[in-house]
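Read the structure below first, then the notes.
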Amino acid sequence: MAALRPYRAMACNNAWANHRLLTACARLPPEEFAAPRTGFFPSLRATLNHILVIDRFYIDALEGGRLGPAAWADPEPCADLPALRAAQAAMDRRLIALVGALTEADLARIVTVHRGARDQHDRMDRLLLHLFQHQIHHRGQAHAMLSGTAVAPPQLDEFFAAEEAPLRAADLAALGLTEAEVWPKEGPEEEEPPPRP
């Protein structure tokens, strides 16, 4: 189980970070959410839709599906933030369920990723790490875009330290998660430090 714990924690971190970022974006007027901005993608809406589209692509493949390039046939499937929040939350729950069902042996399983004219074959653990990196990379871009608005970007780095558990408790509760689900103890030898005063 120890080998699986970081993957499960990262899947939960993904849901938490998306929740925080999209909650902050919900304070923007719709025209600000879609407004042109400097970034790899031209707006917050485009950037956050890209995360969703690529999540669909990889999560489908990790589940054994053949969605492939059809995932990005529409690069912005969600025209507004409420639709995007709902779609991303559903995708985040799928990823948590997928990773939660894995065994240690599954991490070495070869996954087929349909890429249209060819199939890519890669290990489950490598594809999961790639997906987590992709999500973090583009959330960082959206975070920077948000800093150019009147809405302050949320902290996205208070997740793994045990002492910071109180800082994420409300968001985890909103997601239906608990600290014990995110980072389960492996045995009695594991002790958490006391919370910060």
Quick one: salt bridge (charged side-chain N to carboxylate O under 4.0 Å, His left out) partners of Arg123, sequence neighbours excluded? Asp125
Provide the full list of salt bridge (charged side-chain N to carboxylate O under 4.0 Å, His left out) pairs with a residue in residues 11-23, sequence neighbours left out, each pair given once. Arg20-Asp171
Not counting sequence neighbours, which residues clear side chain to side chain donor-acceptor pair (under 3.5 Å) with Asp74? List them please. none
Tell me, please, which residues at least two apart from Glu181 pass side chain to side chain donor-acceptor pair (under 3.5 Å). Thr178
For residues 19-53, pull every pair meeting ring-ring contact (aromatic ring centres under 6.0 Å, His included), keeping only residues two or more places apart or in separate chains. Phe41-His50, Phe41-His138, His50-His134, His50-His138
Inter- and intrachain pairs under ring-ring contact (aromatic ring centres under 6.0 Å, His included), touching residues 63-99, at least two apart: Phe57-Trp72
Contact list for residues 73-118, test ring-ring contact (aromatic ring centres under 6.0 Å, His included), sequence neighbours left out: none
Partner set under ring pair (Phe, Tyr, Trp, His ring centres under 6.0 Å) for Tyr7, not counting sequence neighbours: none
Considering only residues two or more places apart or on different chains, which pairs with a residue in residues 80-101 satisfy salt bridge (charged side-chain N to carboxylate O under 4.0 Å, His left out)? Glu63-Arg94
Partners passing side chain to side chain donor-acceptor pair (under 3.5 Å) against Thr38 (at least two apart in sequence or in another chain): none
Donor-acceptor pairs under 3.5 angstrom involving side-chain atoms of residues 144-151: please list them, not counting sequence neighbours.
unit_1: Ser147; atom_1: OG; unit_2: Ala144; atom_2: O; d: 2.5
unit_1: Thr149; atom_1: OG1; unit_2: Leu146; atom_2: O; d: 2.7
unit_1: Thr149; atom_1: OG1; unit_2: Val151; atom_2: N; d: 3.0
unit_1: Thr149; atom_1: OG1; unit_2: Val151; atom_2: O; d: 3.3

Among pairs that include at least one residue of residues 34-48, which meet salt bridge (charged side-chain N to carboxylate O under 4.0 Å, His left out), considering only residues two or more places apart or in two chains? Glu32-Arg37, Arg45-Glu76
